[in-house]
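In what follows, every heavy atom counts, from backbone to side chain, and hydrogens, waters and symmetry copies are set aside. What you see is a predicted model; the values in this text were computed from it and never measured.
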Protein chains: 2
Amino acid sequence: MRKGDATRARILDETARQAALKGFGAVSLNDVAEAVGLSKSGLFKHFESKEAMELVALEQEFDRFVEFVWTPAEALPPGRARLEKIFEGWLDWSEVERAAGGCLIMAASIELDDQPGPLRDLLQKRVRQWRRTLAREMQALRDPPLPDDEVAMAVFQMKSYVLGHNDARRMLEDASARKAARAAFGALLDRLGHG
Amino acid sequence: MRKGDATRARILDETARQAALKGFGAVSLNDVAEAVGLSKSGLFKHFESKEAMELVALEQEFDRFVEFVWTPAEALPPGRARLEKIFEGWLDWSEVERAAGGCLIMAASIELDDQPGPLRDLLQKRVRQWRRTLAREMQALRDPPLPDDEVAMAVFQMKSYVLGHNDARRMLEDASARKAARAAFGALLDRLGHG
DNA sequence: ACAAAAAGTGACCGATCGTGCTCTTTTGGC
DNA sequence: GCCAAAAGAGCACGATCGGTCACTTTTTGT
């Protein structure tokens, strides 16, 4: 069964890649199968349906995100340095990840925000979970900790800058996007720091 | 020929509605035709291809955006009040517009950012144009005007908050999204005001 | 080495995709 | 009211969609 696991992993990779590029709705089983060197029916030995395949691919993408963005930051002590590490890792992720397709999570968030189903449910669950993680890190910035609504506002702004960076970088092709995002986030931390 | 124009307008409306809901790639001529009460082939009397139809629909969506967000603000004198009006109008647009589908422009930006073609070209052109408009308004905030890079940063943050609001509102279903966006933008204007 | 289980193929299904064609109905200018 | 032109219907096309099934090949545990 080890051979099968490797194939399964390649299928999931390719699914995530194509979903980031063209959207989940536009992923074709034929294209995925061809890209991994399988026949279309071969896919069904690993997943019972296209939707099930996409669900696992999205789940795996979140795991990869956590490992890429969170795990390196976890080594640092809670506080500003850790938050900056998270932020930089997040920007890296949306630039580097999946080669040309951009961040699958952001793309899926917009594509699925009005299409009920298991994909949307998973997305909502994990994105909320990530937001709680960010809130916890924000609270570690100050002692005594910030009130909840101020933390929520800070998290809102942090995520906004990541989204803005993605938009500026990918759609506008603005080379200074990262500088702007970094400056905005730094200023946010400054404000929180000596409030 | 007036009858034809009315039908054409309904086709474009429906195309934009479905594109906002499911993405341009997932719009089906059959669905559009059915929704406007036409046969599929009837669509081709108004547009020579699906892509041409989508292109006009997107163009019209930008015109609508300008009228909805910019035109009401234009009545106010340049400065903070006008910028606040723009920002509020922008948030309204992304909440109200197209009923359930969210803002087509944001959705298309993410869907098409890596898919070359006329749709992407149009998108890029109009989004850049809108950004220049915002920059001009930001410059009117101070006398002497802000340096260009500070203006660019302010525009970056403004758009980021709109994107963040959209994400929080639609994906996270966070009822306080608007409050957070408004607070963040107000603070940005404060910083710019007495810099 | 051998059998069982897993992995993968190819043909095929009904549905739907975008699009072209011919034909009929409707509309607007005179 | 007539007539050309515009608007639209209906059908069929080749391609592709997700998915099934019977069959063959490969891998794995023993």
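Within the 4.0 angstrom heavy-atom criterion, no nucleotide atom of any strand lies near B:V36. Across all strands shown, A:V32 has no heavy atoms under 4.0 Å from either base or sugar-phosphate atoms.
Of the charged side-chain nitrogens involved, none lies within less than 4.0 Å of a carboxylate oxygen, so that B:D174 and A:R128 do not count as a salt-bridged pair. Using a 4.0 Å cut-off between a side-chain N of Lys or Arg and a carboxylate O of Asp or Glu, B:D113 and A:R169 do not qualify as a salt bridge. Checked for salt-bridge contact, A:R178 and A:D92 meet the test: a charged N lies under 4.0 Å from a carboxylate O. Salt bridge annotation for A:R126-A:D63: present, with a cationic side-chain nitrogen under 4.0 angstrom from a carboxylate oxygen.
Atom C1' of nucleotide C:dC23 and atom CZ of B:F44 are separated by 18 Å, given to the nearest angstrom. One can place CZ of A:R2 at 18 Å from P of D:dT26, the figure rounded to the nearest angstrom. Atom CD of B:Q18 is separated from atom P of C:dC17 by 10 Å (rounded to the nearest Å). Summarising the geometry, the separation between CG on A:L29 and C1' on D:dT20 is reported as 13 Å, rounded to the nearest angstrom. For the pair A:K50 NZ and D:dC17 C1', the computed distance is 9 Å after rounding to whole Å. Put simply, CG on B:L43 is 10 Å from P on D:dG8, counting in whole angstrom units. What separates CD of B:E34 from C1' of C:dT16 is a distance of 12 Å, to the nearest Å. In this structure, B:K45 atom NZ and C:dT25 atom P are separated by 15 Å, rounded to whole Å.
Taking only side-chain nitrogens and oxygens, B:T7 comes nearer than 4.0 Å to OP1 or OP2 of D:dG8. Put simply, A:N30 has a side-chain N or O that comes within less than 4.0 Å of OP1 or OP2 on D:dC17. For the OP1/OP2 pair of C:dG8 and a distance below 4.0 Å, the side-chain nitrogens and oxygens of A:K3 include at least one atom meeting the criterion. In terms of phosphate contacts, B:S28 brings a side-chain nitrogen or oxygen within less than 4.0 Å of OP1 or OP2 of C:dC17. An OP1 or OP2 oxygen of C:dA6 is reached within less than 4.0 angstrom by no side-chain nitrogen or oxygen of A:H46.
For A:K40 against C:dG10, a side-chain-to-base donor-acceptor contact under 3.5 Å is absent. Side-chain atoms of A:S41 come within donor-acceptor range of the base of C:dG10, with a qualifying N/O pair under 3.5 Å.
Considering every non-hydrogen atom in both B:G25 and B:K50, the closest pair reads O-NZ, 4.1 Å.
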